[in-house]
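FYI, side chains are in, hydrogens and waters are out, and symmetry mates aren't considered; it's all heavy atoms of this structure.
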Number of protein chains: 2
Amino acid sequence: MNGKVTTTRTKLERGRSALGPALELVHTGRAPTRAVLTSELGVTRATAGAVAAELEALGLIRVDSSPGSAAGSQGRPSHRLAVRESGPVAVAAQVHADGFRAALVGLGGRLVATAPGCTTITADPAQVIGEVVDDCARLLRDSGLRCVGAGLAVPSAVAEPEGTALNPLHIAWPAGAQVREIFATCVREAGIEGPAFTGNDVNLAALAEHRHGAGREAQHLLCVATGHRGVGGALVLDGRLHTGSSGLALEVGHLTVNPEGRPCHCGGRGCLDVETDPLAFLTAAGRTPGPEESLLKQSGDLLRNEYEDPAVRTAAEELIDRLGLGLAGLVNILNPDRIILGGLHRALLDADPERLRAVVADRSLWGRSGSVPILPCTLDHNSLVGAAELAWQPVLDDPLGALA
Amino acid sequence: MNGKVTTTRTKLERGRSALGPALELVHTGRAPTRAVLTSELGVTRATAGAVAAELEALGLIRVDSSPGSAAGSQGRPSHRLAVRESGPVAVAAQVHADGFRAALVGLGGRLVATAPGCTTITADPAQVIGEVVDDCARLLRDSGLRCVGAGLAVPSAVAEPEGTALNPLHIAWPAGAQVREIFATCVREAGIEGPAFTGNDVNLAALAEHRHGAGREAQHLLCVATGHRGVGGALVLDGRLHTGSSGLALEVGHLTVNPEGRPCHCGGRGCLDVETDPLAFLTAAGRTPGPEESLLKQSGDLLRNEYEDPAVRTAAEELIDRLGLGLAGLVNILNPDRIILGGLHRALLDADPERLRAVVADRSLWGRSGSVPILPCTLDHNSLVGAAELAWQPVLDDPLGALA
DNA sequence: GCAGTTTGTTTAGTTGCGGCACAAACTCAG
DNA sequence: CTGAGTTTGTGCCGCAACTAAACAAACTGC
C-alpha cells in the first residue's frame, strides 16, 4: 500500500476554504476592513468575522479596534484590517551582475530589513548563493522574527521542473547551474525555516509589481525590462506568474524589430535583445561603453542628463521606435491590459512617453489593444519583493497548512 | 437595496462543489469509472458515488451497471461511466468563407446531428447568421433533445466584451459587426433555449482539440492554422482558452519570418500572415490562384498530389522554413508543451514533419522548449465542436445551477 | 433624542464530506 | 470448488464550515 503510485490530485485540505483568499486580499491591500472582506469573498458577515479572527490568531493580521480608525460615511465604522508588523517574514535574496542583496519581507510586500549587499560576484554560483544566504540568516537572526520561507531571484531563465539557470549571459556562471538546489541546500544549512524557491528576476519583479506596485488589479500584466545586456519579459495572468510549460516563456528578446539590424546570437538579426538594450543605446549615441556591469547605469544617466544632446536624443528615439515595435508584437500575441517597463526601457518611457505609446498603437493590429496603458515600474527592489512572494505563496494558498 | 452596485464576487454556489469537475472529467474522457473519479477528484468513494448519482439524476451521464462492462485486473470490476446518448445537446454553428454549417453536439464532443450547410454566404451578417440558426433550430426540433445553449464560430477576431467581429478579412462582412448580439437575438427568436456564445473559429478549434482531440492533457496548448488567407492562432492554458484582456490575443500573423519578404497590410514586411498562407504557397509554386474561397483546398491538393514537382517541393520547403521560424518565435514567448497545426499548416507538417520540427528546434532559444511536440489536428469539425464547448461551459462549471 | 444605516456577534440549523464498517464482485492459489 | 486477497460500491455517523436570522453596537443626520 505504501509503494503504490498515488494518483494526481490529493486535496485533503479541510478547514476554512476562504482563509487563503482572505489573506491574499489583505496582503494586496484590497481588504481594508471586515466589511469589504464580506462582500469580496461573497460570504456572510459571520464567516468573514471568523476568518479574520483566525488570521489574527495565526499572527498574520491585526484588527485595529481603536475607535475612529476607519471613519466611513455612514453607519457603524468598521475596524481596520492590517498586516501585523511583528508577524512572520519571508527571506528574499537577489543575485545580479553587479552584486547580490538580501532582505526580509513581510506580508503586504513590506521591506522589514535589508542588507547592504555586495557589489561584485564570483563565477561560482554555490559561493555567491552561500554568501547571500548568510546575509539572509544574519538579518533573520537579528530580527528575531518567524520565517515562512525563502526566495531567490536570479538574472537568467530558470528551467522547470529542474530549477537550473539556463542562460547566465550577464554573469559568468556555468550554464545549467542547479541554482534551486544550491539555494535550497544553503537555506537549510543556514537554519532558515520553510521551503526555498528560485525564479527569474524579471518574472519576480512582475509578480511584485502586480501585487504591490504599478500592476495592481491588472488581469493580464506584461512586464519588459533590460538589465545591462539583453531584454527580459514576464506575464502575470489572473494573479499568477505565467512561466510556460518549462519555465522558459516570455523570452521576448528575439522578436525582430529591425530587419536591417545587427546580427544576434540567436541566428536572426535586428532582435529586440540587441537593438534596445543599454549597449545598443550607448553605441547608437556614439558613446564608449564602460564595463559590462555598469552599462545600465551609464545608459540611464546618459538618457536623463544629456537628452538635449542631438545624438543622444536621436539614439533614444530610435530605441523607442524599436521598443515600440517589439511591444506591439507582444500586444498582438498576448493582448495585455497593462504594460510595465523596467531598466533602460523604463527610462526610455520616461523620456518620451507619447512617442512610445504612439508607436505601439500604430504598429499593433487593433487600435484598441494598442492603447494599452504603458507604465514605469514603481516598486523599489521589486525582484526582491517578488522573490519573497514566492515564499509567501504557500501561506497565501493555505495559511493553516503552511503555518501548522 | 436593489439599486445598489453589488461588489465583484458573489459566489452563492451551494451544493456539491465537485459536481462540475466530475462532469468535466467524464466530458473529456478522463473518468471512465467511479473509482477513477474518486482518485482524480481527491474525495472519498462515498462522495464520488454521490456525485455520479447526482450527474445521472440530471440526465447527463449514464452508469453502465452491466456485468463485465469494465474488466479490470483484479478486485471488483468498476461500473463504466459514460455520457448519456439521449442527454441534452448544445447547438453549434459555424460561418466561414465558403459557407456555413450547423450541428448538435452532446457531452464528450459527440456530433449528434449535422446539417449539410450552405456553400456561399452573403455580405449581411444578420442574414447569414439567421439562416444558420434556422438550420440549428430545425436540427433541434427533429432531434427532440433538450438544449443547453448555443455557440457560433466566426472567421474573425471577436472583441471582448462587446462581441464584435473585428477583421472579417476573408468574408465580406462590415468591420465591427455585432455578431454576438445578432447571434443571441436569432437564437432567442428561434426558440432555442439557453445562453448564446460567439468566438473565433481558430480559438474554438483549439478548445475542441484540447478537450477531445490531439491536445488532450496538454497544459499549454498552442494552435496555429490557416484559412484561405492569413494565419490564426490560439492558446489553451490549463484547460481555458486564453483570449487576452479584450479577446484579441494570439494574433500571430504578424511575426516577422522573412526580413526581405513581401509587404504586409500591417505595415511590416515578411509577416507570417503573407508568407505562409495558401496564397503565398500557390504563388511560390508558380501556380495561378483560383477564387478566394477555394485557396485552401487548391493549395492542399497541390501539396498532397504534386509534391514530386520540384517547384511545389521547393515552395513547400520555403513555407515550412518560414512557418518554423514563426513557431519558434511563439515558442520563445509562450513555451507551450504541445503545438497543433490546422489548415495548410497541417498539410505542410504532414508533407515533411522532420524539416518543420528541425527548424523550430533550431530557431527557438532553448533546445528543450523547441523540442515541443508538433501535431496535426485530429478532430472533424473542430470549430463546431469548440463552439458547442462554449455552450457547455456553464454546465461544466455548475451543472446544478445551469440545468436548474 | 430618535430614526436610519452599516458593522460586528451570537445562536441555531443545514449540509457537504471525511471516516468507517460492511457488502459486493472479481482473481488467484491450492 | 473453496477461501484468501483485492478492489469497488454504499449506508451510517459525526464533524465543522457555512447560511440565515436576530440582536447589539457605533456612527450620522434631522
Test log, rule side-chain hydrogen bond (donor to acceptor under 3.5 Å, both in side chains), inputs A:Glu389 and A:His212 | CA-CA 10 Å; A:Glu389 290 299 324; A:His212 313 292; 2.6 Å; yes
Nearest-angstrom distance from the residue atom CG of A:Leu37 to P of C:dT9 = 13 Å
Between D:dG9 (C1') and B:Glu56 (CD): distance, integer Å = 13 Å
Pairing residues for B:Arg34 by the salt bridge (Lys or Arg N to Asp or Glu O under 4.0 Å) criterion, not counting sequence neighbours = none
Looking at residues at least two apart in the chain, or sitting in another chain, which of them share a salt bridge (Lys or Arg N to Asp or Glu O under 4.0 Å) with A:Asp397?
-> A:Arg240
Quick one: do B:Glu160 and B:Arg180 make a salt bridge, cutoff under 4.0 Å?
-> yes
Would you call A:Arg84 and A:Glu56 a salt bridge, using N to O less than 4.0 angstrom?
-> no
Which part of the nucleic acid, if any, lies within contact of A:Ala50, taking any heavy atom under 4.0 Å across all strands shown: a base, the sugar-phosphate backbone alone, or nothing?
-> nothing
Under the side chain to side chain contact (heavy atoms under 4.5 Å, CB included) test, residues paired with A:Ala249 that sit two or more places apart | A:His242, B:Asn335
With sequence neighbours left out, write down each residue that passes side chain to side chain contact (heavy atoms under 4.5 Å, CB included) with B:Arg16, or none if nothing qualifies.
-> B:Leu19, B:Ala50, B:Val51, B:Glu54
Would you tabulate the nitrogen or oxygen pairs shorter than 3.5 Å linking the protein to nucleotides 13-17 of chain D?
none

Among A:Thr44, A:Thr38, A:Leu37, side-chain contact (heavy atoms from CB on, under 4.5 Å) partner for A:Leu41 = A:Leu37
Show me the protein contacts with nucleotides 2-7 of chain C, counting only N or O atoms at under 3.5 Å.
| residue | atom | partner | partner atom | Å |
| --- | --- | --- | --- | --- |
| C:dT6 | O2 | A:Arg76 | N | 2.8 |
| C:dT7 | O4' | A:Arg76 | O | 3.3 |
| C:dT7 | O2 | A:Arg76 | NH1 | 3.1 |

